[in-house]
Amino acid sequence: VQLQAYGGGLVQAGGSLRLTCAASGRTLSSYAVGWFRQAPGKEREFVAAISWSGETTYYADSVKGRFTISRDNAKNTVYLQMNSLKPEDTAVYYCGRGLVGLGYDSADFGSWGQGTLVTVSS
């Protein structure tokens with residue numbers, strides 16, 4: 001299964017965006033999905049993850065209370081609702097399929113597609 005993230009853009013600080021992770025080739029419903037981001041000159045970092053059923057979610061402390069991960073298995077998609085955006089949220093956002101279930105490390109995920117750029121202006 002190959003994943004594709006989209007929905008990024010330019011937004012002012014305090015604004016909102018919703019990212020979508022869509023799958024092609026196979027169903028995504030059997031897998032955990034994670035969102036990660038990578039800012040220029042920095043390593044890829046964990047943002048949020050959701051179990052295959054949607055019952056369990058993990059968040060990085062930096063986004064807790066502002067971002068919400070959800071999924072619609074009927075549509076084979078996973079979403080990342082981002083509210084109260086800050087300039088430090090600026091990054092390319094990627095989604096990945098869980099390789100060993102739910103996790104926090106990028107090594108726990110695969111099938112990365114092209115990311116989507118989120119730019120938050122101050």
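Phe67 approaches Val47 most closely through the heavy-atom pair CD2-CG1, 3.7 Å. Closest non-hydrogen pair, Ala5 versus Thr116, comes out as O-CB, 3.7 Å.
Distance check, rounded to the nearest 0.5 Å: CD of Glu45 to OG of Ser62 gives 5.5 Å. The CD atom of Glu55 sits 10.0 Å away from atom CD1 of Ile50, with the distance rounded to the nearest 0.5 Å.
Here the rule is side chain to side chain contact (heavy atoms under 4.5 Å, CB included) with Ile69, and of Tyr58, Tyr59, Tyr79 only Tyr59 fits it.
Tyr31 and Ser29 share no side-chain donor-acceptor pair at under 3.5 Å.
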>> For Phe36 and Glu43: C-alpha separation, side-chain torsions, deciding distance, then whether side-chain contact (heavy atoms from CB on, under 4.5 Å) applies.
In response: CA-CA 10 Å; Phe36 288 75; Glu43 293 190 353; over 6 Å; no

> Which is it for Thr77 and Arg71 under the side-chain contact (heavy atoms from CB on, under 4.5 Å) test, yes or no, and what are the steps along the way?
Replying inline: CA-CA 6 Å; Thr77 55; Arg71 67 189 304 157; over 6 Å; no

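Taking the six-membered ring for Trp, Trp35 and Phe46 have ring centres at least 6.0 Å apart.
Under the 4.5 Å side-chain criterion, counting only non-hydrogen atoms from C-beta, Asn73 is not in contact with Leu28.
The local environment of CH2 in Trp52 is sparse, with at most 12 non-hydrogen atoms from other residues, nucleotides or ligands closer than 6.0 Å.
Remark: side-chain polar atoms of Thr90 are not paired, donor with acceptor, to backbone N or O of Thr119 under 3.5 angstrom. Counting only distance, with no hydrogens or angles, the side chain of Gln4 and the backbone of Gln114 share a donor-acceptor pair below 3.5 Å.
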With a 3.5 Å cut-off and sequence neighbours excluded, list the donor-acceptor pairs that the side chains of residues 13-25 form with protein atoms.
{"from": "Ser16", "atom 1": "OG", "to": "Asn83", "atom 2": "OD1", "distance (Å)": "2.9"}
{"from": "Ser24", "atom 1": "OG", "to": "Gln2", "atom 2": "O", "distance (Å)": "3.4"}

Show me the side-chain donor-acceptor pairs of residues 91-104 shorter than 3.5 Å, one per line, residues at least two apart or across chains.
{"from": "Tyr93", "atom 1": "OH", "to": "Arg37", "atom 2": "NH1", "distance (Å)": "2.9"}
{"from": "Tyr93", "atom 1": "OH", "to": "Asp89", "atom 2": "O", "distance (Å)": "2.6"}
{"from": "Arg97", "atom 1": "NE", "to": "Ser111", "atom 2": "OG", "distance (Å)": "3.3"}

